[in-house]
Amino acid sequence: MSERIQAIRGMNDILPEQAAFWQTLERRAAETFQSYGYSPIRLPIVERTELFKRSIGEVTDIVEKEMYTFQDRGGESVSLRPEGTAGAVRAGIEHGLLYNQVQRLWYAGPMFRYERPQKGRYRQFHQIGVEAFGLDGPDVDAELILMSARLWHRLGIRGLTLKLNSLGTLEARKAYRERLIDYFSAHDDVLDADSRRRLHTNPLRILDSKNAQMREVIEGAPSLLDHLDPESAAHFSKLLALLDAAGLEYQIDPRLVRGLDYYSRTVFEWITHDLGAQDAVCSGGRYDDLVTQLGGRPTPGIGFAMGVERLVALMRQQAVAVDDVAPHVYLAWSGDEAQATAMALAERLRDSLPGLRMLMHAGGGGFKAQLRRADRSGARYALILGPTEMGSRRVQIKPLRTEEPQAEWPWNELAPMLAARLGLASHEQAATEEY
Ligand code: HAM
């Protein structure tokens, strides 16, 4: 036997047993975003490396150590996308979607970061993200946050905490950065190697350090919120007022600085206490300078991305209700003649009931074995078609999950009977509902 090839560390197979969670999350997200006027966009997985350097920032962990970067066969440096915002902005500029107009976009797909894998942190992971362009008021910030809260509600996810901060404008942040360098330089004996390295490149990230020995010195550091420019301070307090009016709870966290350089003003994260160290399930913020940094005309932007693996883990842990993906019906048959009829019946039922999930038995085997498979498939009913039923032009319908009695039904009345039992819209009904 040849040696088996295994998946790459940190890159997971998402197996069918997880399907119901993934699909429920993806569907509720799409419905929720649509209900706020967001349109889907699909973006390439590979982009020029330069795009990520100029947006996420040269001295961030992502660009310094986590990107999957390689030369393609033409000699160009390209990278697997570590996140979706840079690509969305690039596409927006390239296709003229941003200038003088409002765009509300959402996307979903795999992202890649060469991080140290652990629970909730992977090298290939999935995000569902949204970006709103062309709106600079705090009302959009509030709406976006309310939209995320609505999604948690629709999913039945409980116990998330919203953390908020404002990073001010780039200029205000530059001044604050100098203050922070002065402060941490005066305490440099307490700093760990990582923080010392960041002191002159990205001192704000020191605030984010989890090193317990540095906690006291970090707590004593000047707060960014005390150094906001007046417009950013007004923007932030209006956002808070809107969230208060909407009755949404939040915590202001002056140490929330985010790991990507493109943010200005509002930043936020939704945190769970149920998953351990990787506790952010959704993060985002405003990036009013990013479009110009990438060569477009000044256009404000704000967005967030959710970590799908983390949300799925939370949905499982909290046992939230998910869409059923098991088959409704397993169609068992016996004999050559019955096989052809069963296939024709199955196709007709799929014509009439577009929402029907039906497994037709394939391969041989007697009814006993077929019914065992029907049971294992999770189906609610078995339909049985053997020589006797061929004669009577009927099928047996055997409930697999309830105590309903077994019944017999004529072929041409199967569709309305199943529609009623399964609560499905038949094709005719579906068509009339549109009017
Ligand atoms: P981010 O905080 O880097 O932001 O990632 C967003 C979310 O993706 C995180 O909150 C987390 O749930 C998930 N995530 C990140 N890294 C991993 C990983 N290695 N494994 C599993 N899940 C992970 C962004 O990516 C920004 N583009 C968000 C944004 C959109 N800001 C504005 N618009």
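Note that the coordinates shown come from a computational prediction; the quantities given were computed from them, not determined experimentally. Every number for a ligand or one of its atoms is a count from 1 in the order of the listing.
Comment: D182 does not engage R177 in a salt bridge, judged by the lack of any side-chain N to carboxylate O separation of less than 4.0 angstrom. Using a 4.0 Å cut-off between charged side-chain N and carboxylate O, R113 and E83 make no salt bridge. A salt bridge is defined here as a Lys NZ or Arg NE, NH1 or NH2 lying under 4.0 Å from an Asp or Glu carboxylate O, and K53 with E50 fails to meet this definition. Using a 4.0 Å cut-off between charged nitrogen and carboxylate oxygen, D194 and K210 do not count as a salt-bridge pair.
For the ligand labelled ligand 1, residue Y262 lies inside the 4.0 Å heavy-atom shell. Using a 4.0 Å cutoff on heavy atoms, R123 does not count as a contact of ligand 1.
Residue L260 touches ligand 1 through its side chain alone, judged by heavy-atom distances below 4.0 Å. Contacts of C282 with ligand 1, taken as heavy-atom pairs under 4.0 Å, involve the backbone alone. Counting heavy atoms under 4.0 Å from ligand 1, residue Q127 touches it through the side chain alone.
The N/O atoms of Y107, backbone and side chain alike, include none that comes under 3.5 Å of an N/O atom in ligand 1.
With ligand atoms numbered from 1 in the order given, ligand 1 contributes 10 (O), 11 (C), 12 (O) to contacts under 4.0 Å with heavy atoms of A280. Numbered from 1 in the order shown, with element, the atoms of ligand 1 that lie under 4.0 Å from a heavy atom of E131 read 30 (C), 32 (C), 33 (N). The atoms of ligand 1 that sit less than 4.0 Å from any heavy atom of F304 are 29 (C), 30 (C), 32 (C), 33 (N). Using a 4.0 Å cut-off to heavy atoms of E83, the atoms of ligand 1 that qualify are 25 (O), 26 (C), 27 (N). Close contacts between ligand 1 and G284 involve ligand atoms 31 (N) [criterion: under 4.0 Å to a heavy atom]. Using a 4.0 Å cut-off to heavy atoms of Y263, the atoms of ligand 1 that qualify are 26 (C), 28 (C), 29 (C), 31 (N), 32 (C). The contact set between ligand 1 and T85, taken as ligand atoms under 4.0 Å from a residue heavy atom, comprises 26 (C), 27 (N), 29 (C), 30 (C), 31 (N), 32 (C), 33 (N). Close approach of ligand 1 to R121 (heavy-atom distance below 4.0 Å) involves ligand atoms 19 (N), 20 (N).
For atom 20 (N) of ligand 1, the closest non-hydrogen atom on the protein side is Y122 N, 3.0 Å. Protein heavy atom in closest approach to atom 14 (N) of ligand 1: F125 CE1, 3.5 Å. Closest to atom 19 (N) of ligand 1 among all protein heavy atoms lies E115 OE2, 2.6 Å. With respect to atom 7 (C) of ligand 1, the closest heavy atom belonging to the protein is A305 O, 3.6 Å. Nearest protein heavy-atom neighbour of atom 1 (P) of ligand 1: R258 NH2, 3.6 Å.
Under a cut-off of 6.0 angstrom, the local environment of CD in Q34 is sparse, with at most 12 non-hydrogen atoms contributed by other residues, nucleotides or ligands.
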Apply side-chain contact (heavy atoms from CB on, under 4.5 Å) to F268 and L162, showing your working. CA-CA 7 Å; F268 63 94; L162 172 63; 4.1 Å; yes
Given Y250 and D244, is the side-chain contact (heavy atoms from CB on, under 4.5 Å) satisfied, shown in steps? CA-CA 9 Å; Y250 52 82; D244 288 338; 3.0 Å; yes
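For the side chain to side chain donor-acceptor pair (under 3.5 Å) with R205, the qualifying choice from N202, T201, D208 is D208, the only one to do so. If you run salt bridge (charged side-chain N to carboxylate O under 4.0 Å, His left out) between E269 and each of R310, R258, R255, only R258 comes through.
Inspection of the Q293 and Y287 side chains reveals no N or O donor paired with an N or O acceptor under 3.5 Å. Between the side chains of Q23 and D323, not a single donor N or O lies within less than 3.5 Å of an accepting N or O.
In this structure, F33 and Y38 have tilted ring planes: the angle between them lies in the 30° to 60° band.
Of the candidates G120, A132, G307, S283, S283 brings a heavy atom nearest to atom 9 (C) of ligand 1.
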